Structure formats: structure tokens, C-alpha cells
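Heads up: the structure comes next, in C-alpha cells.
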Amino acid sequence: MLIKNVLKDKLKDALAPISSLNFVWSIEIPKQKGHGDYATNVCFQLARELKKSPKLIAETLCTDLNKQFEEEFTFEPINGFININLTENFVWTLSKNVLEKSFPKSTSNTLIEFVSANPTGPLHIGHGRWAVVGSTMVNIYKYVGKNVSSEFYINDAGVQINNLLASVKAAKDGTPIPENGYHGDYIHDLAKTNENPIEYHINQHKSVLNAINTSFDTWYPESNLHKANDVPKALDYLKSNNFTFELEKALWFNTTKFGDDKDRVLVKNDGNYTYFAVDIAYHKNKLDRKFTHLINILGADHHGYVHRMKAAISALNENATIDLKIGQLVNLFRDGTPVRMSKRTGDIITLQEVTDEIGSDAVRYFLSEKSLDSSIDFDLEAAKLKNSENPVYYIQYAHARICSIFRKHGVDNYKEQPSFDSLDPTEKAVLLYCLQFNDMIWELAQNLETHRLNTYLLTLARQFHTFYEKCPILKSEESLKLKRLYILMVVQNVFKTSLNLLGISAPEVM
RNA sequence: GCGCCCGUAGCUCAGUUGGAUAGAGCAACGGACUUCUAAUCCGUAGGUCAGACGUUCGAAUCGUCUCGGGCGCACCA
């Protein structure tokens with residue numbers, strides 16, 4: 001159920017006699033209490049068309065609308081805005097369909113690529129951010145019924161791999177590790193075994209990602225591209241479509257045609273491919289696998305890559321789209337002092353260690369709560385607190401409280417919705433907030449700002465706790481009790497669903 | 001020097017794509033427990049939205065500039 005769409009459709013029909021509404025207008029949730037459950041700015045836009053003041057239009061419209069929708073809404077004109085309140089009765093009726101999926105159908109086929117760390121060392125907290133955000137995006141896409149697949153690209157070829165192998169070999173031979181090699185303790189651990197260092201790291205990655213509820217539909221190795229000769233094929237494609245030129249014995253891609261600030265080299269004058277050339281082949285491979293919408297999640301240290309990659313996709317297939325989501329970096333702290341995260345020196349706290357220390361739920365919550373545009377200062381001690389300073393517990397406690405009531409109640413006689421009686425303001429508020437869940441998810445599926453799911457959960461928890469304090473459930477007389485148990489069930493379902501999308505557990509006892 | 005991101009309450013951050021008197025959490029202060037789990041609730045206080053100018057019915061949000069912080073500017077990967 002998408003409430004905003006329901007509302008917008010009803011208003012469109014009601015306004016059809018006076019305007020075709022052929023302009024941008026919106027239904028929004030006012031931030032100010034007392035401005036209604038919803039509000040619309042349609043009168044400001046109508047003012048131009050009708051050549052009357054927004055205020056006058058709003059007043060006239062509200063008189064009509066109030067007659068027409070008496071059962072469902074009340075409309076109140078204030079200074080050109082129309083404030084819309086849902087009647088208690090209508091909220092009650094709608095709350096039968098809170099999680100009903102009426103999302104518009106989508107024909108795109110999306111591939112979300114994230115993490116894609118080199119198999120040359122352990123994952124750290126920064127990789128964790130992309131894992132959490134990426135897997136949440138995948139969950140949201142699935143929830144709204146989009147075709148989506150997740151992928152981890154394994155750079156198992158190239159210079160860094162050679163550095164890794166050389167470092168392990170040096171450690172085995174007891175010779176000094178090369179200057180540009182890897183110096184972490186794990187190199188020496190690997191030297192004591194016969195394990196393939198690449199396989200070892202891939203397995204480590206899978207294991208820790210699994211521990212924070214992140215899995216991938218495919219793990220795509222770079223070496224596959226080389227085996228299939230995909231790089232020369234991709235370059236031939238670009239050449240034959242006149243996107244390339246030769247200069248000083250190198251092959252260039254004319255990316256400035258697509259808005260890049262300079263052209264980029266594909267084949268160096270020593271004959272080797274650049275990383276960019278291989279990446280183009282990889283993305284051509286994605287498109288050849290019939291994906292029409294690509295999403296890549298990258299760290300801010302790769303943002304310079306955006307223009308050339310968009311150029312590549314435009315050149316490869318003008319019908320495909322790519323969203324490059326750039327996330328700011330994560331700074332790790334312990335009790336306010338910074339913890340360094342350099343792979344090269346080996347002075348590193350791994351994602352595995354962080355997860356062991358604070359648990360998957362806290363990792364996922366704190367890595368997803370902020371906009372990708374903001375960097376995260378992640379404090380290990382703060383994330384471990386088991387008190388009111390920790391929003392994870394605030395949210396989970398709400399769910400556990402609900403479960404406790406159902407346990408005490410014992411019988412399963414509340415699942416049919418009782419007929420409407422009346423709603424206490426806190427009852428209406430919590431149900432209305434549940435009704436807004438699918439609206440929010442649908443918006444997230446458009447803009448991929450998944451941190452809003454965390455904000456939603458926090459507010460839902462607050463709404464629930466307020467309702468819980470104000471409205472006794474098991475102590476109430478039978479019909480009131482059944483009504484409130486029904487409300488509780490609706491709220492619980494929204495908690496379960498949203499925690500599940502975030503990959504955070506919904507504990508029944510705390 | 002050029003590009004991207006950020007600057008909002010003491011702290012950490014939201015702000016529904018341009019809406020109304022700027023919102024939460026934490027911290028502070030004052031209240032509510034022989035409880036349906038107090039890991040909670042209710043109330044109070046806290047702001048020149050970094051700054052300036054502009055765009056319009058209307059700006060934290062859009063544009064230009066300034067200041068401050070992060071990241072990046074390879075025939076590296």
C-alpha cells in the first residue's frame with residue numbers, strides 16, 4: 001500500500017473538473033505537528049493556471065473535498081496549503097494492508113557490485129560500509145519486486161596479486177619482503193602454510209561478509225576475463241566504433257566526448273592494458289549478461305573514476321544506465337582516539353575483529369545510519385554500549401517488548417482485525433507511521449539513500465514506546481485488548497520487515 | 001591550481017529532492033517503576049542552518065563567491 005499514491009490519485013480525480021494538473025506538485029508529510037498527517041502544495045501551482053490566490057483556491061477546494069471524502073479525510077486550508085488528516089476510521093481500514101506490495105512494476109535488470117576488494121589482505125571497516133549498504137540496497141530492490149543480482153569482483157590478476165605472491169614467497173624463503181609488497185602479519189602466517197594466498201583471502205572475505213549478513217549471487221574473477229579474451233574484444237568494439245585513437249604508441253579512449261576532463265589510456269606504450277581497459281571489459285561483460293542497470297558502490301578515494309566509467313557505459317550501450325554511488329570513508333576510533341587502517345604496513349584492525357568485538361547487528365547499524373555523503377567516525381567503545389546511548393538496543397528492545405506481550409497473552413486470537421471503534425491519538429500515530437513504511441521503501445528504491453531506513457526504525461521505536469506507555473494492552477478489557485493486540489501485530493510486522501531489510505536481528509527476548 | 005563530498009543544538013546526525021514556527025538521539029536539568037521488560041516514558045532548556053550576495057509566492061535545500069575540514073587529480077591498481 002502506497003498511501004501517497006492513493007491520496008494523489010483521489011485528489012487528481014477530484015480536481016479533474018478544474019485542472020489537468022499538468023505541472024509538478026506533491027503530497028508531503030509536514031515536519032510540523034499540527035499541519036496535518038499530509039499536506040499538498042497543489043494550490044500554489046494552480047494559482048498560476050487559475051489566476052487566483054492560493055489561499056482562495058485552497059479554501060474553495062477544501063469545502064468540496066470535505067463533502068466528497070467525509071469518511072476518509074478532513075481537509076483544512078491554511079495560507080494556500082491544504083492540510084490533510086486521515087480519519088481514524090480510514091487509518092484503521094488501511095492498516096489491514098500495511099505491508100501489501102502494490103509497487104509499480106519494473107522491467108530493468110539490475111546488477112549491484114560492491115566491496116570488490118583485492119584478495120591481497122583482510123577486509124577492514126571501510127569495506128564493511130560498502131557491504132552493509134550494498135546488501136541493504138539489494139534487499140530493498142528485492143522487496144519492491146525489482147530484478148536484482150549482487151556481485152563481488154575479484155581482482156585475481158595483475159600487479160597487486162604479483163606483489164602478494166612475491167611477499168609470501170619472500171617470507172617463505174626468509175628473504176626481505178619487497179619494498180612495494182605486503183607487510184602484515186598474515187603474510188608470515190600464510191608463509192607457514194601451503195595455502196594459495198588468493199584462495200585464502202577470498203575465503204576470508206566470504207567468511208567475514210557472511211558474518212555480517214552479506215552474501216553475493218556471484219563472485220566474478222578478473223581471470224575469467226583474461227581466459228575469455230574479453231579485454232581485446234572490448235577494445236576492438238571501442239575501436240570499431242571510433243571511440244579510440246593512437247598517440248605516442250599508446251591507445252586512448254576519447255572519454256572527453258562524454259564529459260570526462262581528459263582522455264584516458266587503454267593500452268600503455270609498453271603494450272600492457274591499463275586497469276581501466278580491463279574494467280571496461282568487465283563492464284561490457286556485465287552488459288553482455290543482459291543487465292540493463294548497473295550500480296557500483298565505490299569509496300570516495302575512487303570518485304575520480306566516475307566520469308570515465310560513465311563514458312565507457314555510454315560507449316558500450318546507450319540504453320544501459322550506471323549509477324556510481326560514492327561513499328565517504330570510515331574513520332575508526334577507540335574511546336575517541338583514531339585507529340590507523342593501513343593495509344601496507346599491516347597495522348590494521350580487520351572487519352572480522354570489529355565484528356567479533358561488537359557483533360554483527362551493531363556493525364550493520366552504525367555503518368548504515370548515515371548518508372553515503374557523510375564520512376563515518378566509528379567508535380568501537382561507543383558501539384559496544386548496552387544502554388540508552390545505543391540506538392540498536394533502543395530499536396531491538398521495542399521488538400522484544402512486543403514479543404513479550406504476545407508471550408504473556410498466550411493465545412492466537414488477535415489476527416483478525418476487529419471492527420472499527422475509535423483510536424487513541426497514539427494508536428493512530430503508530431498505525432499511520434506503519435502505513436508510511438512502503439512509501440518510504442519505494443522512495444529508497446529510487447534514490448538508494450538507505451540510511452533513511454535507520455531513521456525510520458528509530459522513529460518507529462519511539463512511536464511504539466509512546467503507545468506502549470500510554471495504552472495498556474493486557475490490562476484492558478477484552479475488546480480494547482484485542483484491538484491493541486492487533487495494532488501490536490501490525491507494528492511487529494513492520495519491525496521484522498525493516499530490521500530484516502537492514503540485516504539486523506529482531507530478538508524476541510532481551 | 002582543478003574536481004567531488006562535508007559544514008545544521010554542547011556531541012553525533014536527520015531534514016521526504018524548493019514548503020509553513022528548523023527536527024531526532026545522546027549529554028544537561030525536573031518528574032514517572034510493589035511495571036505489560038525503566039534497555040522505557042513525560043516535561044524543560046538548547047539554533048545567525050559556516051559567511052555573503054542572488055534566483056521566487058517561499059531557500060538548510062538551487063546558483064555564484066569566500067572561509068574551514070576530508071578525499072582525489074597516473075601510460076598505478
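None of the values given here were measured: they were computed from a predicted structure. So that the names make sense, note that chain A is the first sequence line, chain B the second, and so on, each numbered from 1.
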- Nearest-Å distance for atom pair NE2/P, residues His399(A) and rU37(B): 15 Å
- Message: Rounding to an integer number of angstrom, what distance separates rA60(B) and rU48(B) when you compare their C1' atoms?
- Response: 13 Å
- In whole Å, what separates the P atom of rC62(B) from that of rG15(B)? 12 Å
- With the side chain defined as heavy atoms from C-beta on, Thr274(A) is closest, among rU37(B), rC75(B), rG19(B), to rC75(B)
- Could you tell me whether Val509(A) contacts a base, only the sugar-phosphate backbone, or nothing, with contacts defined as non-hydrogen atoms closer than 4.0 Å? base
- Tell me whether the OP1 or OP2 atom of rC41(B) has a side-chain N or O from Tyr394(A) closer than 4.0 Å. yes
- Could you check whether His303(A) gets within reach of a base, just the sugar-phosphate, or nothing at all, counting any heavy atom under 4.0 Å? base
- Syn within 90° of 0, anti beyond: rU17(B) is syn
- Task: Give the rounded distance in Å between these two atoms: CD1 of Ile154(A) and P of rA77(B).
- Result: 19 Å
- Message: If you go through the side-chain atoms of His302(A), does one of them form a donor-acceptor pair with the base of rG72(B) closer than 3.5 Å?
- Response: no
- Query: Can you check the Tyr153(A) OH to rA77(B) C1' distance for me, whole Å?
  - Reply: 11 Å
- Between rA20(B), rC75(B), rC41(B), which one does the side chain of Lys31(A) approach most closely? rA20(B)
- Message: Heavy atoms only, 4.0 Å cut-off, all strands: where does Ala39(A) land among base, sugar-phosphate and nothing?
- Response: base
- Message: Measuring only the C1' atom in each nucleotide, how far is rA24(B) from rC49(B)? A whole number of Å is fine.
- Response: 16 Å
- rU16(B) OP1/OP2 closer than 4.0 Å to side-chain N/O of Ser26(A): no
- Message: Let's see if you can work this out: which of rC13(B), rG15(B), rC75(B) has an atom nearest to the side-chain heavy atoms of Lys370(A)?
- Response: rC13(B)
- Pi stacking test for Phe81(A) and rA20(B): under 5.5 Å apart, planes under 30°: yes
- Under a 3.5 Å cut-off for both distances, is rC41(B) Watson-Crick or wobble paired, and to whom? rG31(B)
- Describe the nucleic acid contact of Pro472(A) in one word from base, sugar-phosphate, nothing, applying a heavy-atom distance below 4.0 Å. base
- Note on the structure: Judged by nearest nucleotide, the residue sitting upstream toward the 5' end of RNA chain B, Ile473(A) or Ala250(A), is Ile473(A)
- Side chain of Val265(A) (C-beta onward), nearest among rC75(B), rA39(B), rA14(B): rC75(B)
- Query: Does NZ or CZ of Lys4(A) come closer than 6.0 Å to the centre of the six-membered ring of Trp442(A), within 45° of the ring's axis?
  - Reply: no
- Query: Within the modelled atom types, does a donor on one side and an acceptor on the other bring the side chain of Asn83(A) and the base of rA20(B) under 3.5 Å apart?
  - Reply: yes
- Taking the side chain of Asp373(A) as its heavy atoms from C-beta onward, which of rC41(B), rC5(B), rU16(B) lies nearest to it? rC5(B)
- How far, in whole Å, is rC11(B) from rG51(B) if one measures between their P atoms? 15 Å
- Any strand: nucleotide that pairs with rG1(B) via Watson-Crick or wobble, under 3.5 Å: rC73(B)
- Message: Looking only at the aromatic ring of each residue, does the gap between the centers of Phe44(A) and Phe81(A) stay below 6.0 angstrom?
- Response: yes
- Message: Just to be sure I understand the rule, does Tyr468(A) reach a base, reach only the sugar-phosphate, or reach nothing, if contact means heavy atoms closer than 4.0 Å?
- Response: base
- Message: Distance check needed: rG15(B) P versus Glu369(A) CD, whole Å only.
- Response: 12 Å
- Message: Quick check: do His303(A) and Asp301(A) have side-chain heavy atoms less than 4.5 Å from each other?
- Response: no
- Output, in order, the C-alpha distance, side-chain angles, deciding distance and verdict of side-chain contact (heavy atoms from CB on, under 4.5 Å) for Thr136(A) and Leu453(A). CA-CA 9 Å; Thr136(A) 302; Leu453(A) 188 46; 4.3 Å; yes
- Closest listed nucleotide, where the reference is the side chain of Gln328(A) and the choices are rG70(B), rA14(B), rA77(B): rG70(B)
- Query: Among rU17(B), rC73(B), rC75(B), which nucleotide sits nearest the side chain of Asn447(A)?
  - Reply: rU17(B)
- Counting any heavy atom closer than 4.0 Å, what does Gln45(A) reach on the DNA or RNA strands: base, sugar-phosphate only, or nothing? base
- So which one's nearest nucleotide on RNA chain B is more toward 5', Asn41(A) or Glu508(A)? Asn41(A)
- Task: Could you check which nucleotide pairs with rG18(B) in any of the strands shown, counting Watson-Crick or G-U wobble with both distances under 3.5 Å?
- Result: none
- Atom OH of Tyr365(A) and atom C1' of rC26(B): how far apart are they, to the nearest Å? 12 Å
- Using Watson-Crick geometry (N1-N3 plus N6-O4 or O6-N4) or G-U wobble (N1-O2, O6-N3), each under 3.5 Å, rG7(B) is paired with rC67(B)
- Is Gln396(A) reaching over with its side chain to a backbone N or O of Ser505(A), donor-acceptor style, under 3.5 angstrom? yes
- Message: When you compare the ring of His35(A) with the six-membered ring of rA20(B)'s base, are the centres less than 5.5 Å apart and the planes under 30° from each other?
- Response: yes
- Message: Base, sugar-phosphate or nothing for Arg264(A)? Non-hydrogen atoms, less than 4.0 Å.
- Response: nothing
- Task: Mind checking Ala47(A) for me? I need base, sugar-phosphate or nothing, with any heavy atom below 4.0 Å counting as a touch.
- Result: nothing
- Task: Check every strand shown and say whether Glu248(A) touches a base, only sugar-phosphate, or nothing at a heavy-atom separation below 4.0 Å.
- Result: base
- Verify, without hydrogens or angle tests, whether Arg401(A) (side chain) and Val509(A) (backbone) share a donor-acceptor contact under 3.5 angstrom. no
- Just checking Cys403(A): base, sugar-phosphate only, or nothing, at a heavy-atom cut-off of under 4.0 Å? nothing
- Nearest to side-chain heavy atoms of Ser371(A), which nucleotide of rA39(B), rU17(B), rA14(B): rA14(B)
- Query: Counting side-chain heavy atoms from CB outward, which of rG15(B), rA77(B), rU37(B) is closest to Ser404(A)?
  - Reply: rU37(B)
- Rounded off to whole Å, could you give me the NZ-to-P distance for the Lys268(A) and rC76(B) pair? 4 Å
- Query: When the distance from CE of Met510(A) to P of rU40(B) is rounded to whole Å, what number comes out?
  - Reply: 9 Å
- With rounding to whole Å, what would you report as the distance between rA9(B) and rC71(B) at their P atoms? 23 Å
- Task: Would you mind pulling out the nucleotide paired to rC62(B), Watson-Crick or G-U wobble, both distances under 3.5 Å?
- Result: rG54(B)
- Message: rA14(B), OP1 or OP2 - any side-chain N/O from Ser374(A) closer than 4.0 Å?
- Response: yes
- Query: Does rG47(B) have a Watson-Crick or wobble mate here (both distances under 3.5 Å), and if so which one?
  - Reply: none
- Message: For a quick check, tell me whether the side chain of Asp301(A) and the base of rG72(B) share a donor-acceptor pair closer than 3.5 Å.
- Response: no
- Return the nucleotide paired to rA24(B): Watson-Crick means purine N1 to pyrimidine N3 with N6-O4 or O6-N4, wobble means G-U with N1-O2 and O6-N3, both under 3.5 Å. rU12(B)
- Message: Base, sugar-phosphate or nothing for Ala300(A)? Non-hydrogen atoms, less than 4.0 Å.
- Response: sugar-phosphate
- Query: Taking CZ from Arg462(A) and P from rA39(B), how many angstroms apart are they, rounded to a whole number?
  - Reply: 16 Å
- Query: Quantified in whole Å, what is the P atom distance between nucleotide rC13(B) and nucleotide rG7(B)?
  - Reply: 10 Å
- Quick one: label Arg48(A) by what it contacts on the DNA or RNA (base, sugar-phosphate, nothing), any heavy atom closer than 4.0 Å. base
- Item | Residue Lys262(A), side-chain heavy atoms: nucleotide from rU17(B), rC73(B), rU16(B) that is nearest | rC73(B)
- Which of parallel (below 30°), tilted (30 to 60°) and perpendicular (above 60°) describes Phe437(A) and Tyr143(A)? perpendicular
